[in-house]
Amino acid sequence: MEEAKPLNFLEEIVSKDLAQGKHQSILTRFPPEPNGYLHIGHAKSICLNFGLAKRYGGATNLRFDDTNPVTEDTEYVDSIRNDIKWLGFDWVDEFYASDYFDQLYAFAVELIKKGLAYVEDATPEEIAAMKGTPTQPGTNSPCRSRSVEENLDLFERMKNGEFKEGSRTLRAKVDMASPNMQLRDPLMYRIKFAHHHRTGDKWCIYPMYDFAHGQSDAIEHITHSICTLEFSSHRPLYNWFIEQLNLFPSTQYEFARLNLTYTVMSKRKLLQLVNEKHVTGWDDPRMPTISGLRRRGYTPESIRMFCDKIGVAQRENLIDVSLLEFCIREDLNKTALRRMVVFNPLKVVITNWPAGKVDMIESENNPEDETAGTRLVPFSGEIYIEQDDFMENPPSKYFRLGIGNYVRLKAGYIIKAESVIKDEQGNVTEVHCTYEPNSRSGEDTSGIKAKGTLHYVSAAHAIPVTVREYDRLFKVENVAATDDDFRTLLNPDSLTIVENALAEPAFLDDDTNSRYQFMRKGYFTLDKDTEGKNLIFNRTVTLKDGWAKAGN
RNA sequence: UGGUCUAUGGUGUAAUUGGUAACACGUCUGUUUUUGGUACAGAAGAGUCUAGGUUCGAGACCUAGUGGACCAACCA
């Protein structure tokens with residue numbers, strides 16, 4: 001048996017709550033605002049919320065936190081639902097904060113009647129001034145002493161659209177001197193004559209996050225409301241509303257959000273990258289969005305593995321993107337079909353190969369998985385290898401092709417370079433080799449030990465393909481830590497397009513699997529831009545490369 | 001002249017007070033290999049931010065200091 005993994009702090013809380021009978025079962029929720037696409041940081045939250053429920057036999061709601069109609073859109077709702085499902089999770093109920101607008105309005109009236117909320121006439125600037133600062137207490141607004149009747153009347157007229165946008169708000173009467181800024185009479189409602197994606201034009205007042213989130217949790221009887229650290233200071237307010245309104249005691253817990261090296265995680269910045277066309281869209285394979293990672297070739301399994309490995313705690317963190325890359329390699333190594341693709345072709349002529357002969361060689365689709373079967377690879381007297389795989393005067397540790405040394409062509413024969421042909425500039429344009437007829441893979445009686453094995457394509461059979469090589473989006477590890485405009489830190493080499501790579505023909509009749517390992521290159525996936533036979537591949541991640549790392 | 005949270009190898013996460021700190025990624029060696037991949041074997045790397053205190057005993061508890069994060073949007 002495997003050793004039990006230690007519980008994270010949230011699992012400890014849940015298991016204790018269950019053991020002590022505080023709850024019979026648990027209900028969590030994933031509460032995105034539909035104002036952008038989900039990213040890998042959301043994946044952490046999704047895995048946490050759904051994972052916790054799954055582990056302890058509970059369930060999870062999907063609830064869209066749609067209290068700000070000016071930034072929200074159904075396009076985002078659709079993408080969010082799609083991404084969660086793709087990640088492999090199912091919600092028991094789908095709700096919207098806007099489902100509760102009537103109830104929330106009634107809650108507000110109740111608080112007014114209890115003398116715990118009042119209509120504010122001050123401008124945003126005046127309200128900010130009265131709030132004080134973290135080190136100085138705020139001052140009470142003149143409106144704070146309005147009568148219940150007047151507040152009731154004004155709030156109803158706010159709802160009825162009698163006042164201009166921005167002219168009045170509803171505030172909770174808590175404590176203007178609290179050291180916690182969130183408690184200094186926070187806003188509950190503001191006037192917005194905006195069309196809502198679900199409620200249409202029914203409302204012209206919309207609740208703020210603080211007056212919607214906790215109550216929504218309580219209405220749904222969420223037992224454990226898990227959010228990120230920056231909401232810690234909202235927790236007393238979250239509890240205050242629930243207590244004053246006497247609702248189901250949902251409880252908020254906070255964890256540290258995910259930060260990843262060489263990328264940004266703020267929705268605002270991601271939106272900016274999209275709007276300013278630094279990337280092609282939310283699903284650009286360089287984006288840390290779920291849709292971007294999907295298009296890049298990441299699997300749901302690899303993302304879940306990653307979320308599992310990074311753990312959950314309450315301290316700030318910056319995860320090395322190499323861990324994410326490890327997770328996708330780990331997954332794809334076991335599942336991706338092996339294929340050969342030459343990116344920078346160098347012609348090799350095998351001078352002793354019988355004219356016109358084509359040998360169809362059987363090659364395994366995946367050495368890690370016998371059930372993946374085999375395919376046939378054409379081998380002929382004219383092939384292409386990678387320019388990097390030949391050196392006229394190789395150093396001693398180089399075990400690829402060089403004049404006078406042997407190399408194995410994957411699944412094929414052993415060849416030896418004899419001579420080169422050069423152009424006027426002295427560049428090698430063709431390598432002439434001889435092959436060992438009795439070295440065919442599987443029936444090799446030559447006794448020759450070739451140091452290296454190369455990938456290649458047969459010139460007459462190769463198909464041209466386009467390869468998009470993606471690299472990290474930013475040049476610096478910790479993008480958020482610098483004061484510079486983050487856009488100046490973009491990596492100019494985040495995308496390299498190889499227009500005429502040459503691929504073995506097996507791609508043409510393979511529609512079973514869209515994720516491949518291009519041997520000795522990396523993992524690649526077919527892009528949706530592919531039309532007909534013009535195949536376009538995205539590089540998901542390179543293979544680990546000890547040779548390159550050693551400084552070659 | 002505030003409040004809250006936080007501090008363990010390069011990174012992330014453990015160690016639920018009783019053997020000079022474990023696991024993963026990364027790094028470095030070596031073996032195997034028809035992928036310089038994978039697999040396998042091994043190594044280096046922290047003495048737990050600092051100072052006090054409690055205790056027979058502190059990475060853990062307490063106090064203070066220091067560093068970091070968050071809080072003053074009619075955003076969430």
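Naming: A, B, ... by sequence-line order, numbering from 1 per chain. Bear in mind the structure is a predicted one, so any value in this text is a computation, not a measurement.
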Is the distance between the ring centroids of A:F101 and A:H196 less than 6.0 Å?
yes
It should be established whether A:R520 places a side-chain nitrogen or oxygen under 4.0 Å from OP1 or OP2 of nucleotide B:rG37.
no
So, is B:rG47 syn or anti if syn means the angle is within 90° of 0?
syn
Flag for A:R29-A:H213: side-chain donor and acceptor within less than 3.5 Å
yes
The correct set of residues in residues 156-177 of chain A placing a heavy atom under 4.0 Å from RNA chain B is A:G166, A:T169
Is the distance from OP1 or OP2 of B:rC5 to the nearest side-chain N or O of A:S233 less than 4.0 Å?
no
OP1 or OP2 of B:rU38 less than 4.0 angstrom from a side-chain nitrogen or oxygen of A:R338, does that happen here?
no
Considering only distance and modelled atom types, tabulate donor-acceptor pairs under 3.5 Å from the side chains of residues 158-165 of chain A, sequence neighbours left out.
residue	atom	partner	partner atom	Å
A:N160	ND2	A:E156	O	3.3
A:E162	OE1	A:R157	NE	2.7
A:E165	OE1	A:F193	N	2.7

Hey, is the side chain of A:Q314 poking within less than 4.0 Å of OP1 or OP2 on B:rU6, counting only N and O atoms?
yes
Report yes or no: is there a donor-acceptor pair, N or O only, under 3.5 Å between the side chain of A:E316 and the base of B:rG12?
no
Can you say whether a donor on the side chain of A:Q517 sits under 3.5 Å from an acceptor on the base of B:rU35, or the other way round?
yes
Within the modelled atom types, does a donor on one side and an acceptor on the other bring the side chain of A:R400 and the base of B:rG36 under 3.5 Å apart?
yes
Position toward the 5' end of RNA chain B (nearest nucleotide), A:E33 or A:K451:
A:K451
Among A:E364, A:E362, A:E504, which residue satisfies the salt bridge (charged side-chain N to carboxylate O under 4.0 Å, His left out) criterion with A:R375?
A:E504
With respect to the phosphate group of B:rA76, does any side-chain polar atom (N or O) of A:R190 fall under 4.0 Å of OP1 or OP2?
yes
RNA chain B contacts made by residues 544-552 of chain A, counting heavy atoms under 4.0 Å:
A:K544, A:D545, A:G546, A:W547, A:K549
Watson-Crick or G-U wobble partner of B:rC75, both distances under 3.5 Å
none
Which of these nucleotides, B:rU8, B:rU16, B:rA72, is closest to any side-chain atom of A:T133?
B:rA72
Phosphate OP1/OP2 of B:rA22 contacted by A:K5 side-chain N/O (<4.0 Å)
no
Taking atom types as modelled, is there a side-chain donor on A:S446 or A:E436 under 3.5 Å from an acceptor on the other?
no
